[in-house]
Every structure is written in C-alpha cells, then in structure tokens.
Amino acid sequence: MQYLHDVNSLVVQGMGMNLRERRRLQTARDIQMAAVTVALRNGLDQTTTEAIAIEAGISTRTFFNYYNNKQAAILGEAIRLDIKGAGWFVESSGPILDDLAKLLGQGLHEDPLDRALLLKIIAVVDANPTLHDMFRTQVDETSSSISGLLETRLGSDLAIESRLLAELSTRALTEAVVAWAADETMTVDSVTVQIAANLRSVSKIMCQ
C-alpha cells in the first residue's frame, strides 16, 4: 500500500506551541477526524465540506478557517519542524543518526500521536490513490526542513549528502509511525527508538 510509505503526518507539529496554538491544533484535529470518518462512511467522492462540518459540529465558515478543501482536511496540516528549537541538533557532536531520531521524535510528547485518527487516514488514502501526490508534497516539505538543518550542521560542501540523509530519515520516521499505528503495544518513546534502529540498519547494510 503506497500510503504505508508516505504517511508521516501528526508528528512534529507540537514543538514549542503555546496554549492558543494547542487549542487551534486540537480543533484542526477534530475537523480532520470528522473528515476521515465521513470519507470512510460515504466515500471520498460523496464527502462534502458541509458533511464534514456537520460531523465536527462546526460551521462551514469555521471549516474554511482551517482547511481549503476536503482533501486538505483528510490529510491534515503539513509537518513543521521547530527550526528555532533545533539549535541543539546543529551544535551536537553526538552520533548523527541518534540525533536525527531525537529530532524527529521529540515533538511526540508535546503533541501525542492519535492512533485511531492515523489508522483512519491510512484507510482513506489507501482507498483513494489521488491523495498520494498531496502526501508526497508533505513528505518533501519535511525532508527539506531536515536537509537544511543537516547542511547547517555538516557544512555546505555536504549539501547533496544532507539531502539524501534527510530523505532517508524522513522515510525512517514514516516506517516507525506506521509500525506504531499497527502495534498497540508500542509506546510513543518506541517511535524514536524505531527511527534510530531503522537508520542504523540501513547504515549497516550500506557499509557491507
């Protein structure tokens, strides 16, 4: 299923948010849950913004304060790394794979993943391949942010390597989140551990 290689929303958005921002994020999540619920019940083609608003208990005007259309509501907001709060990553001299795992996983405690919502998103996207390109755009945005931090840490002469490592770490994040969604025994901390394990496993293979 293509989505199992592209889903990584709901992960790093919560870093450094104040109370107002948290409330806005929760409303966005509520709308997103309503959107995926309606899409699973009625099918994407029969899902309307009006139906989503009714499901969420809001007005359509409020809906459009958060999302431009039903597709955006289903996918949720793009992942945003807390660049200002990532100075430790740039300055760290620790193992870079462990630091990447920490960077990608540190927002999970402030903005916990919602397993039920994530599973519903996966189901909707798996049933609607037209959503894949939108997910790919979100993944690329996250990868670009990571690449910038890596280039700052490693130096501009390693720009290509930074981009490649950013792609790999984003994919490692994806696989860890998907594993978490499918395994109720995994904790939030397990996601960070899994990201690091995924990266080290690939590194070991490349060094053979």
Side-chain angles (χ1 to χ4, degrees), residues 4-22 24-26 28-29 75-115 117-118 121 134-181 183 186-208:
L4 296 185
H5 297 288
D6 286 340
V7 59
N8 66 349
S9 48
L10 314 176
V11 178
V12 198
Q13 301 175 63
M15 299 180 185
M17 291 189 298
N18 58 37
L19 180 59
R20 181 178 180 181
E21 291 169 334
R22 286 182 179 280
R24 179 174 177 79
L25 177 59
Q26 184 57 55
R29 290 284 180 79
L75 302 185
E77 298 181 1
I79 297 171
R80 294 187 302 272
L81 290 173
D82 180 19
I83 302 300
K84 292 182 179 179
W88 68 268
F89 175 82
V90 173
E91 298 171 0
S92 175
S93 58
I96 194 165
L97 297 188
D98 289 338
D99 283 350
L100 277 169
K102 179 181 177 182
L103 173 70
L104 293 171
Q106 67 181 359
L108 299 179
H109 289 285
E110 294 184 25
D111 180 24
L113 291 167
D114 185 328
R115 183 177 276 113
L117 174 58
L118 185 56
I121 296 171
M134 294 181 67
F135 266 113
R136 185 64 245 179
T137 297
Q138 291 187 347
V139 172
D140 288 345
E141 290 175 2
T142 303
S143 181
S144 179
S145 296
I146 298 171
S147 177
L149 290 172
L150 281 167
E151 186 174 344
T152 300
R153 173 169 170 164
L154 300 175
S156 59
D157 56 325
L158 294 177
I160 294 176
E161 290 83 353
S162 294
R163 288 195 293 272
L164 292 172
L165 186 53
E167 287 281 350
L168 177 60
S169 60
T170 303
R171 192 62 68 186
L173 167 65
T174 298
E175 298 298 336
V177 171
V178 169
W180 175 87
D183 185 355
M186 286 184 67
T187 65
V188 173
D189 289 335
S190 299
V191 177
T192 300
V193 173
Q194 188 63 52
I195 293 170
N198 290 345
L199 291 172
R200 284 195 295 269
S201 179
V202 173
S203 176
K204 184 181 298 185
I205 293 172
M206 293 177 69
C207 291
Q208 289 179 354

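For clarity, every value in this text was computed on a predicted model and none was experimentally measured.
- Ion pairing of Arg153 with Glu161 is absent here, as no side-chain N (NZ or NE/NH1/NH2) approaches a carboxylate O to less than 4.0 Å.
- In this structure, Val188 and Trp180 approach most closely via the heavy-atom pair N-NE1, 4.1 Å.
- Going from atom OG of Ser147 over to atom CZ of Arg163 covers 6.0 Å, rounded to the nearest 0.5 Å.
- Nearest heavy atom pair, residue Ala166 against residue Leu150, reads N-CD1, 3.7 Å.
- Distance check: Ser144 OG to Leu149 CG gives 10.0 Å after rounding to the nearest 0.5 Å.
- Using a 4.0 Å cut-off between charged nitrogen and carboxylate oxygen, Lys102 and Asp98 do not count as a salt-bridge pair.
- Between the Ser190 side chain and the Thr187 main chain, a donor and an acceptor come within less than 3.5 Å of each other.
- Separating the CZ atom in Arg20 from the CG atom in Leu25 is a distance of 14.0 Å, to the nearest 0.5 Å.
- Nearest approach of Thr192 to Gly105, heavy atoms of both residues: OG1-CA, 3.4 Å.
- For the pair Asn198 and Ala176, the tightest heavy-atom approach, listed with the atom from each and the gap, is ND2-N, 4.0 Å.
- In this structure, CG on Asp114 lies 8.5 Å from CD1 on Ile121, to the nearest 0.5 angstrom.
- Nearest approach of Leu75 to Gln138, heavy atoms of both residues: CB-NE2, 3.9 Å.
- For the pair Asp140/Glu167, a side-chain contact is recorded, criterion being any heavy-atom separation below 4.5 Å from C-beta on.
- Atom CD1 of Ile205 sits about 13.5 Å away from atom CZ of Arg200, to the nearest 0.5 Å.
- To the nearest 0.5 angstrom, Leu173 atom CG is 11.5 Å from Leu168 atom CG.
- What you find for Leu104 and Ser169 is that their closest heavy atoms are CD1-O, 3.5 Å.
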